[in-house]
J.: 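Here it is, the structure in full.
Not measured: the values here are computed from a predicted model.
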Amino acid sequence: MNVKQKGNRFEQLIARLLRPFFPDVATSRERDRWLDSQGVDLVNTYPFLIQAKHVERGLDPHKVLEHMPEIDGQYNLLLWKKNRKGVLVVLSLEDASELLYMLKREKII
């Protein structure tokens, strides 16, 4: 399997896993070419802009998040998978703090 196929399959897997939370989730390749060109892989996942990467090495999570667009009210999220390892969720400390504050304000935590 080549690198492109591996990435596409990972995007599809993540879309299926997120469907209970975001029923209209789809790949940006299918629905929004502009977001796709901006490094967003999945759409209809408000308030998250999601980039899915299935790579072994050479990934700089900081660069991935910096390349993604800044859209008010949305959080850039990187889902990063390595072979035979679990998926990591990466977001900025600023975004994580804001999400935690909202959970605290809504008395969820």
J.: Restricting to non-hydrogen atoms, name the atom on F22 and the atom on N44 that form the minimum distance, rounded to 0.1 Å.
T.: CB-O, 3.4 Å
J.: If I compare all heavy atoms of V90 with all of P61, which pair ends up nearest, and what's the gap?
T.: CG1-CB, 4.1 Å
J.: State, yes or no, whether a side-chain contact exists between V64 and L59 at a heavy-atom distance under 4.5 Å.
T.: yes
J.: Check for me, please, whether L42 and Y75 land in the same ILVMFWY cluster - side-chain distances under 4.5 Å, paths through other members count.
T.: yes
J.: Mark yes or no for whether N76, through its side chain, and P69, through its backbone, hold a donor-acceptor pair below 3.5 Å.
T.: yes
J.: If every non-hydrogen atom of R29 is compared with every non-hydrogen atom of N8, which pair is closest and at what distance?
T.: NH2-OD1, 3.2 Å
J.: Of the non-hydrogen atoms in H54 and K82, which two are nearest, and what is the gap between them?
T.: NE2-C, 4.3 Å
J.: Within this structure, what is the OG-CG distance for the pair S92 and L78, rounded to the nearest 0.5 Å?
T.: 12.0 Å
J.: Going by heavy atoms in the side chains, are I14 and E11 under 4.5 Å from each other?
T.: no
J.: State the CG-CD distance between L35 and Q51, to the nearest 0.5 angstrom.
T.: 11.0 Å
J.: Please tell me if the side chains of I50 and L79 come closer than 4.5 Å, counting only heavy atoms from C-beta onward.
T.: yes
J.: Look at atom CZ of R9 and say whether more than 12 heavy atoms of other residues, nucleotides or ligands are closer to it than 6.0 Å.
T.: no
J.: Write down the atom of M68, the atom of L49, and the distance for their closest heavy-atom approach.
T.: CE-O, 3.2 Å
J.: Counting only heavy atoms not in Q5 (residues, nucleotides, ligands), do more than 12 fall under 6.0 Å from its CD?
T.: yes
J.: Kindly compute the distance separating CD1 (I109) from NZ (K107), expressed to the nearest 0.5 Å.
T.: 13.0 Å
J.: Honestly curious: do M102 and I108 fall in one hydrophobic cluster under the side-chain, below-4.5 Å linking rule?
T.: no
J.: Got a second to check how far R105's CZ is from E98's CD, nearest 0.5 Å?
T.: 8.5 Å
J.: Under the side chain to side chain contact (heavy atoms under 4.5 Å, CB included) rule, what do V87 and W80 come out as? Steps first, then yes or no, please.
T.: CA-CA 5 Å; V87 177; W80 179 13; 5.9 Å; no
J.: Check the hydrophobic clustering (I, L, V, M, F, W, Y; side-chain heavy atoms under 4.5 Å; chains of links allowed) and say if V89 and V55 are grouped together.
T.: no
J.: With side chain to side chain contact (heavy atoms under 4.5 Å, CB included) as the test, would you mind laying out the steps for N83 and E56 before giving the verdict?
T.: CA-CA 7 Å; N83 289 341; E56 290 305 300; 3.1 Å; yes
J.: Establish whether Y46 and V25 are linked, either directly or via other cluster members, by ILVMFWY side-chain heavy-atom contacts under 4.5 Å.
T.: no
J.: Taking the side chain as every heavy atom from C-beta outward, state whether F10 and Q12 have any pair of such atoms under 4.5 Å apart.
T.: no
J.: Following the transitive rule for hydrophobic clusters with a side-chain heavy-atom cut-off under 4.5 Å over Ile, Leu, Val, Met, Phe, Trp and Tyr, establish whether L88 and L93 coincide in one cluster.
T.: no
J.: Grab the two heavy atoms, one from L91 and one from A96, that are nearest each other, plus how far apart they are.
T.: CD1-N, 3.6 Å
J.: To the nearest 0.5 Å, what is the distance between OG (S37) and NE2 (H67)?
T.: 7.0 Å
